[in-house]
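Side chains are part of it too, since the values below use all heavy atoms of this structure and drop only hydrogens, waters and symmetry mates. In listed order, ligands and their atoms are each counted from 1. Start at 1 with the first residue, then count along the sequence.
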Amino acid sequence: MTADFAADIAPLAAAVDEARQWERLMAMACLGAIPGEGVNRACLTPLDRAARRLLIGWAQAAGATVSVDAAANLWLRREGTDPSAAPVLTGSHMDSQPEGGRFDGIYGVIAGLEVLTAMEATGHRPRRPVEVVAWTNEEGGRFAPGCMGSMAWSGAAALADFAAQRDPDGVAFADALAEQLAAEAHLPRRALGPDPRPAAYVEAHIEQGPLLEAAGDDIGVVTGIQGSRWFSVAIHGETAHAGTTPRVLRRDAVQDMLRALTALNALMEDPADVLRFTVGRIEVAPNAPNSVANRARFSIDFRHPDAAVLAARGDAVAGVVQAALRTTTAEVVQTSHAPPTAFDPAVVALIERAAAALGFRQRRMPSGAGHDAQFVAPLCPSGMIFVPCRGGISHNPAEYAAPAHLAAGTRVLAATLAELAAG
Ligand code: GLV
Ligand code: MN
Ligand code: MN
């Protein structure tokens, strides 16, 4: 870093175009638009492919080369001056929640593209290549768990482990992935995995919480991400006539699910309200008003910043479910386990320095939400940049971030990537 960092990064930061970035975000928001200004763009769908085509066109116009890997992670690359240098990465995801907003995920991809575009416009060519990656299935809304693309790339899981996962319509992940790869067969295929190992990774994202807005800050310098564990619980009973079957003869999956949920709520009780416990999906079969349910399935999303709490209470989930059942049987499967992540102190300090040099109000903060960055962090120095979102609302069509805040985050990202890519 030179003595006058602020002067060095000023031209690149000035070339970040707030209006262009906003227009691109709004163009993306049309793909899967739902009432209330929200977005429903599930991964590996025709809408996802349309969004990727739009992104590819913009990237190629900015001089980037495009490739795809076996997990359908999409890569945009701007060469540096040293072809043998390890790249600096940025990115996020383009899929949304089923009732999601216009910024969660897509902002980090469009911000990365904006940095490449600003570098091209100013002729800024650092030593290292800069790559923008759109990770596959971060949200986990269609296929559980989330972060499949970054887990498969980083080696946290094998791509084959996800093949049999099915969406709510019964489509297997392997088939949806094959369809996507066939549609993008014209793109060069790159190897799945961190080879070469990146020099660094920085992801920009909306905060998805209320702290920055409440404090009047422009930038969140993210210090780490709390850990999470996901489980899938399937309860097996027996269907029977609702009008004729006495209670003693019933093996009612819904009633035992309610007992299991009550016991899990007790297990996850936390007076400090740090622990996060969510049952966001419940499916019942045969799902008829006058039949006793023979099957109930539900998801568990459990998060905590402390690995010991995550281990102790997460390890108790299966036993608590089994002990709560009266007449049915259950299978409890853990579908993902992401340990708490601490970001690299040097990257955190660099983001802070970039935000200060650009004159933004900032604060250090942990992330309550999960991100692909937690699977990249074990492989290379990593960090994240947050921008405020209105009311802290996210995973909701009302999610909103102001164009000026989004541009501020991208300027900090540009300065951070330029410094990392110079090294
Ligand atoms: C990402 O959307 C998460 O679940 O935190
Ligand atoms: Mn996200
Ligand atoms: Mn999300």
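Between D104 and Q208, the side chains place a donor N or O and an acceptor N or O closer than 3.5 Å (distance only, hydrogens not considered). Looking at Q21 and E114, their side chains never bring a donor and an acceptor atom within 3.5 Å of each other.
With salt bridges taken as basic N to acidic carboxylate O contacts below 4.0 Å, one links R276 and D273. Note on D217 versus R363: salt bridge recorded, some NZ/NE/NH1/NH2 to OD/OE distance being below 4.0 Å. Remark: D301 does not engage R281 in a salt bridge, criterion side-chain N to carboxylate O under 4.0 Å. The pair R142-D167 meets the salt-bridge criterion, with a side-chain N (NZ, NE, NH1 or NH2) lying under 4.0 Å from an Asp/Glu carboxylate O. A salt bridge is defined here as a Lys NZ or Arg NE, NH1 or NH2 lying under 4.0 Å from an Asp or Glu carboxylate O, and E207 with R390 fails to meet this definition.
Near-neighbour remark for the Mn ion (ligand 2): protein N, O or S atoms under 2.8 Å are H93 NE2, D104 OD1, H205 NE2; waters not counted.
Between E138 and ligand 1 there is a heavy-atom distance shorter than 4.0 Å. Distances shorter than 4.0 angstrom occur between a heavy atom of H395 and an atom of ligand 1.
Each of the following atoms of ligand 1 lies closer than 4.0 Å to a heavy atom of A369: 5 (O).
Residue, atom and distance of the protein heavy atom nearest to atom 2 (O) of ligand 1 are E139 OE1, 2.9 Å.
Contacts of R303 with ligand 1, taken as heavy-atom pairs under 4.0 Å, involve the side chain alone.
Screening R52, E179, R189 for a side-chain contact (heavy atoms from CB on, under 4.5 Å) involving E184 leaves a single residue, R52.
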